[in-house]
Amino acid sequence: EERDSLLFQKMAATGRLVRTLAHEVRNPLTNINLSIEQMEVDFEDEDAKFFIDIIRRNSQRINDLITELLNTSRPSEVTFSRYNLQEILESTIEQAIDRINLKNIKLISDYPSDIWIDVDKAKIQIALLNIIINAVEAMKEGDGILKINATQRNKSIIVSIEDNGVGISQEHIERLFEPYFTSKNNGIGLGLAATLNIIQSHKARVEVESELGKGTKFIVTFTLAS
Ligand code: ADP
Ligand code: MG
């Protein structure tokens with residue numbers, strides 16, 4: 001509980017910093033872009049065109065990065081409807097099934113068919129898919145076991161996704177949901193940042209239990225409105 005709310009506070013503070021910084025960078029960038037447009041009209045010289053093009057492309061790149069940063073730091077906008085949880089889980093698993101099969105991972109799923117939940121379906125599928133893909137990526141080919149469970153206890157709906165993969169060190173657990181945190185060579189580190197954003201906008205929570213060399217369990221808990 002304690003650690004969770006600290007993490008949320010930290011994320012909220014990071015989000016504000018990122019948004020402020022992004023807006024501060026965007027203003028001068030707009031001036032640069034306007035100048036480039038004018039230069040493209042004014043300068044005919046091939047050499048000048050060459051350099052203007054470099055400036056234009058790089059300025060575009062900064063702009064794209066800022067857009068991406070803002071998208072991940074902003075609270076996600078959600079539209080809720082009532083869905084059957086089994087259907088949501090099954091269509092999410094379907095999106096990962098090729099990767100699961102490619103690694104010969106054994107999938108063990110267990111969830112009742114009668115749980116109904118108010119969510120933004122597309123968003124919650126992205127959130128769960130990011131967790132599932134990480135689990136798949138953490139497991140070795142051939143002996144991976146992926147367990148996906150859901151249960152309802154009173155007003156809580158609990159979805160858990162468990163793998164027997166590499167596990168996460170304590171040091172890394174603390175940084176898991178930070179944008180751009182990745183331990184992978186070709187990772188981007190935006191998956192879990194997006195997941196946390198979506199889960200928070202559902203007023204749900206996510207917890208992680210992990211042991212190095214043994215595996216990891218992500219637990220997402222939704223609370224039904226009374
Ligand atoms: P990416 O997958 O691009 O690295 P994510 O935000 O999805 O970014 O994940 C961040 C990091 O969290 C991963 O690089 C990895 O170190 C760690 N991680 C997430 N899920 C797991 C898992 N199931 N097992 C081991 N490590 C994990
Ligand atoms: Mg990922």
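In each ligand, atom 1 is the first atom listed, and ligand 1 is the first ligand listed.
- Remark: ligand 1 and S183 share an N or O pair separated by less than 3.5 Å (distance only, no angle test).
- Counting heavy atoms from C-beta on, the side chains of Q86 and I115 never come closer than 4.5 Å.
- Linking ILVMFWY residues whenever their side-chain heavy atoms come closer than 4.5 Å, directly or via other members, places I97 and I161 in the same cluster.
- Residue-to-ligand polar distances keep A193 apart from ligand 1: every N/O pair is separated by 3.5 Å or more.
- The pair R57-D53 meets the salt-bridge criterion, since a charged nitrogen lies less than 4.0 angstrom from a carboxylate oxygen.
- Shown in contact with D163 at under 4.0 Å from a heavy atom are these atoms of ligand 1, numbered in order with element: 22 (C), 23 (N).
- Set against the non-hydrogen atoms of G187, the atoms of ligand 1 under 4.0 Å away are 3 (O).
- The atoms of ligand 1 that sit less than 4.0 Å from any heavy atom of I188 are 3 (O).
- Residue G167 places a heavy atom under 4.0 Å from ligand 1.
- For ligand 1, one of its N or O atoms has an N or O atom of T182 under 3.5 Å away.
- V18 has its side chain out of reach of P179: every pair of non-hydrogen atoms, C-beta onward, lies at least 4.5 Å apart.
- At a cut-off of 2.8 Å, N130 does not coordinate the Mg ion (ligand 2) through any N, O or S atom.
- The protein heavy atom nearest to atom 26 (N) of ligand 1 is I168 CG1, 3.3 Å.
- Ligand 1 is never approached by G165 to a heavy-atom distance shorter than 4.0 Å.
- How far CG of L89 is from CD1 of I124: 10.0 Å, rounded to the nearest 0.5 Å.
- Ligand 1 lies within reach of K184, whose nearest heavy atom is under 4.0 Å from it.
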### Query
Hey, mind stepping through I131 and L192 against side chain to side chain contact (heavy atoms under 4.5 Å, CB included) and telling me if it holds?
CA-CA 7 Å; I131 296 175; L192 287 183; 4.2 Å; yes
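- Contacts with ligand 1 closer than 4.0 Å are made by heavy atoms of both the backbone and the side chain of L192.
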### Query
Hey, mind stepping through E162 and E209 against side chain to side chain contact (heavy atoms under 4.5 Å, CB included) and telling me if it holds?
CA-CA 9 Å; E162 187 176 1; E209 294 167 2; over 6 Å; no
### From CA spacing to verdict: side-chain hydrogen bond (donor to acceptor under 3.5 Å, both in side chains), Q60, D64
CA-CA 6 Å; Q60 184 59 50; D64 290 348; 2.9 Å; yes
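- The shortest N/O to N/O separation between G189 and ligand 1 falls below 3.5 Å.
- Of all the atoms in ligand 1, the ones that sit under 4.0 Å from a non-hydrogen atom of A135 are 23 (N).
- Contacts with ligand 1 closer than 4.0 Å are made by side-chain heavy atoms of F218 only, the backbone lying farther away.
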### Task
Verify side chain to side chain contact (heavy atoms under 4.5 Å, CB included) between L176 and F218, making sure each step is shown before the conclusion.
CA-CA 12 Å; L176 230 50; F218 278 78; 3.9 Å; yes
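- With 3.5 Å as the limit, one finds no donor-acceptor pair spanning the side chains of K217 and N149.
- Scanning all protein heavy atoms for the shortest distance to atom 20 (N) of ligand 1 gives N134 CB, 3.3 Å.
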### Message
Applying side-chain hydrogen bond (donor to acceptor under 3.5 Å, both in side chains) to N134 and K184, what does each step give before you reach the verdict?
### Response
CA-CA 10 Å; N134 282 338; K184 299 167 191 170; 3.0 Å; yes
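- Among all non-hydrogen protein atoms, the one lying nearest atom 17 (C) of ligand 1 is L176 CD1, 3.7 Å.
- Among protein heavy atoms, atom 10 (C) of ligand 1 sits closest to F181 O, 3.3 Å.
- On a distance-only criterion, A138 and ligand 1 share no N/O pair closer than 3.5 Å.
- At least one side-chain heavy atom of I52 sits under 4.5 Å from a side-chain heavy atom of F43.
- Under a 4.0 angstrom heavy-atom cut-off, N130 registers as lying outside contact with ligand 1.
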